[in-house]
Amino acid sequence: MAFEDQVAVITGASSGIGWALAKTLAAQGARVGLVARRQDKLEALASEIRQAGGTAALAAADVAEREATLKAIRGLGQQLGPIDLLIANAGVGAPTLLNPVNIEQVERMFQVNTFGVIYSIEAVLPEMLERRQGHIAAVSSLAAYKGVPGGSAYCASKAAVNTYMEGLRIQLRRYNIAVTTICPGFVQTPMTEPFEFKMPFVMDADRAARKIVKALRRRRKVYNFPWPMTFLMKLTRWVPDWIMARASKGYTDDPPRGSSM
């Protein structure tokens with residue numbers, strides 16, 4: 001019961017990694033706050049957690065909308081108590097198209113993946129600073145380490161999260177507030193369902209959640225997983241462009257409609 005009596009708020013909790021994280025943390029004694037756009041999905045998750053003996057509260061909000069996010073997360077803090085752990089997990093993905101440029105999807109990715117993280121942090125940070133304690137985590141992606149052809153906008157939105165969290169982590173050291181950046185590889189979620197290609201080193205959401213919670217318990221600064229995919233992604237940073245272009249030609253000619261990672 002590593003998180004017993006702690007309050008943990010998870011955004012993007014209506015499916016995938018967020019859903020699994022909420023259940024895993026509740027099973028370890030946390031009082032969980034659930035944030036996502038789909039009220040019905042949140043109610044189903046909250047009911048499942050309560051039936052298992054856990055405590056859950058929910059608030060529907062789109063993290064791309066600042067005021068709605070602030071209201072939702074702060075409201076959960078009023079219901080459950082001061083927030084000890086925030087996991088800014090909500091994310092969306094889409095391919096980067098060339099002609100025409102899919103600017104609305106690109107904007108949406110930055111609004112959710114980048115600004116959604118920042119808005120969520122804004123909701124909890126003042127109270128954590130006042131208490132001089134807390135833990136802030138963001139779910140980024142291994143895609144943050146390389147501009148992948150056909151996924152450059154998604155990769156950029158996640159790279160921005162990594163850089164923001166890195167600076168925040170250093171800035172918050174003297175306040176005793178931990179900051180963790182979580183970079184998973186391929187995880188089986190509704191976002192990756194459209195993928196027709198074989199995802200390397202893929203894992204299910206429950207296993208990913210267990211790994212993430214273990215890293216949070218240890219207050220890891222950055223947690224990249226699984227290690228074989230981490231090695232491959234970092235290796236691509238040294239691969240010549242022409243090799244990347246040739247290797248990804250099929251992907252870039254007909255990119256999947258889900259998330260890059």
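In what follows, residues are counted from 1 in the order of the sequence shown.
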Asker: Same cluster or not: are I118 and L168 linked, directly or through other Ile, Leu, Val, Met, Phe, Trp or Tyr residues, by side-chain heavy atoms under 4.5 angstrom apart?
Answerer: yes
Asker: Report yes or no: does K158 contribute a side-chain atom to a donor-acceptor pair with the main-chain N or O of V139 at less than 3.5 Å?
Answerer: yes
Asker: Kindly give the heavy-atom pair with the smallest separation between I49 and A56, and that separation in Å.
Answerer: CG2-CB, 4.0 Å
Asker: Test salt bridge (charged side-chain N to carboxylate O under 4.0 Å, His left out) on R66 and E122 and set out the steps.
Answerer: CA-CA 9 Å; R66 178 172 175 248; E122 181 189 7; 2.5 Å; yes
Asker: Are R31 and D84 within salt-bridge range, i.e. N to O under 4.0 Å?
Answerer: no
Asker: Under a 3.5 Å threshold, yes or no: a donor from one side chain and an acceptor from the other, between S157 and N113?
Answerer: yes
Asker: Kindly state each residue pair satisfying side-chain hydrogen bond (donor to acceptor under 3.5 Å, both in side chains) with at least one member in residues 162-186, sequence neighbours excluded.
Answerer: H135-T180, S140-N162
Asker: Could you walk me through whether C155 and Y145 satisfy the side-chain contact (heavy atoms from CB on, under 4.5 Å) test, starting with their C-alpha distance in whole Å, then the side-chain angles of each, then the deciding distance to 0.1 Å, before giving a yes or no?
Answerer: CA-CA 8 Å; C155 295; Y145 294 112; over 6 Å; no
Asker: Name the one of T69, I73, D62 that satisfies side chain to side chain contact (heavy atoms under 4.5 Å, CB included) with T11?
Answerer: I73
Asker: Kindly give the heavy-atom pair with the smallest separation between L172 and V179, and that separation in Å.
Answerer: CD1-CG2, 3.9 Å
Asker: Taking atom types as modelled, is there a side-chain donor on T24 or Q28 under 3.5 Å from an acceptor on the other?
Answerer: no
Asker: Minimum heavy-atom separation for R131 and P82, please, with both atom names.
Answerer: NH1-CB, 3.4 Å
Asker: With a sphere of 6.0 Å drawn around CZ of R219, does it hold more than 12 non-hydrogen atoms of other residues, nucleotides or ligands?
Answerer: yes
Asker: Does the side chain of M165 come within less than 4.5 Å of I136's, by heavy atoms?
Answerer: yes
Asker: Begin with the C-alpha distance, continue with both residues' side-chain angles, and end with the deciding distance and a verdict on side chain to side chain donor-acceptor pair (under 3.5 Å) for Q51 and S47.
Answerer: CA-CA 6 Å; Q51 288 176 8; S47 176; 3.2 Å; yes
Asker: Counting heavy atoms not belonging to D241, are there more than 12 under 6.0 Å from its CG?
Answerer: no
Asker: Just do the side-chain contact (heavy atoms from CB on, under 4.5 Å) check on I87 and L21 with the steps written out, would you?
Answerer: CA-CA 9 Å; I87 305 178; L21 280 170; 4.0 Å; yes
Asker: Any link between V222 and L232 through a network of hydrophobic side chains (Ile, Leu, Val, Met, Phe, Trp, Tyr) touching at under 4.5 Å?
Answerer: yes
Asker: Is it the case that over 12 heavy atoms from other parts of the model lie below 6.0 angstrom from the CD atom of E107?
Answerer: yes
Asker: Evaluate the side-chain proximity of E43 to L58: yes if any heavy-atom separation is below 4.5 Å, no if none is.
Answerer: yes
Asker: Give the minimum heavy-atom separation between M109 and A153, together with the two atoms involved.
Answerer: CE-CB, 3.8 Å
Asker: Find out if a path of hydrophobic residues (ILVMFWY) with successive side-chain heavy-atom gaps under 4.5 Å connects L45 to L80.
Answerer: no
Asker: If you compare all heavy atoms of W19 against all heavy atoms of S14, which two are closest, and at what distance to 0.1 Å?
Answerer: CE3-O, 3.2 Å
Asker: For residues F225 and I212, determine if any side-chain heavy atom of one lies less than 4.5 Å from a side-chain heavy atom of the other.
Answerer: yes
Asker: Are there over 12 heavy-atom neighbours, none belonging to R37, within less than 6.0 Å of that residue's CZ?
Answerer: no
Asker: Please test K211 against M203 for side-chain contact (heavy atoms from CB on, under 4.5 Å), starting from the C-alpha separation and ending with a verdict.
Answerer: CA-CA 11 Å; K211 287 181 171 290; M203 67 178 62; 4.0 Å; yes
Asker: Main chain of M233, side chain of K146: is a donor-acceptor contact present, judged purely on distance under 3.5 Å?
Answerer: no
Asker: I'd like to check L85 versus F3 (side-chain heavy atoms, cut-off strictly below 4.5 Å). Are they in contact?
Answerer: yes
Asker: State, with a plain yes or no, whether a side-chain heavy atom of V124 is found less than 4.5 Å away from one of V9.
Answerer: no
Asker: Counting C-beta onward and ignoring hydrogens, is there a side-chain heavy-atom pair between Y154 and S141 closer than 4.5 Å?
Answerer: yes
Asker: Quick check: is V161 connected to V35 through a chain of hydrophobic side chains (ILVMFWY, heavy atoms under 4.5 Å apart)?
Answerer: yes
Asker: For a 4.5 angstrom cut-off between non-hydrogen side-chain atoms, does V32 reach L34?
Answerer: yes
Asker: Any idea how F115 and Y119 line up, ring-wise: parallel (<30°), tilted (30 to 60°), or perpendicular (>60°)?
Answerer: tilted
Asker: Do L142 and T230 come close enough that some side-chain heavy atom pair is under 4.5 Å?
Answerer: yes
Asker: Applying the 4.5 Å side-chain criterion to the ILVMFWY set and letting contacts propagate, would V63 and L125 be lumped into a single cluster?
Answerer: no
Asker: I'd like to know whether Q6 forms a side-chain contact (heavy atoms from CB on, under 4.5 Å) with L25, so could you lay out the CA-CA distance, the side-chain angles of the two residues, the decisive distance to 0.1 Å, and finally the verdict.
Answerer: CA-CA 9 Å; Q6 290 192 29; L25 286 166; over 6 Å; no
Asker: Do you know the tightest heavy-atom contact between A137 and I182?
Answerer: CB-CD1, 4.1 Å
Asker: Can you establish whether the number of heavy atoms outside R207 located under 6.0 Å from its atom CZ is more than 12?
Answerer: no
Asker: In Å, rounded to the nearest 0.5 Å, how long is the span from NZ of K23 to CG of D206?
Answerer: 6.5 Å
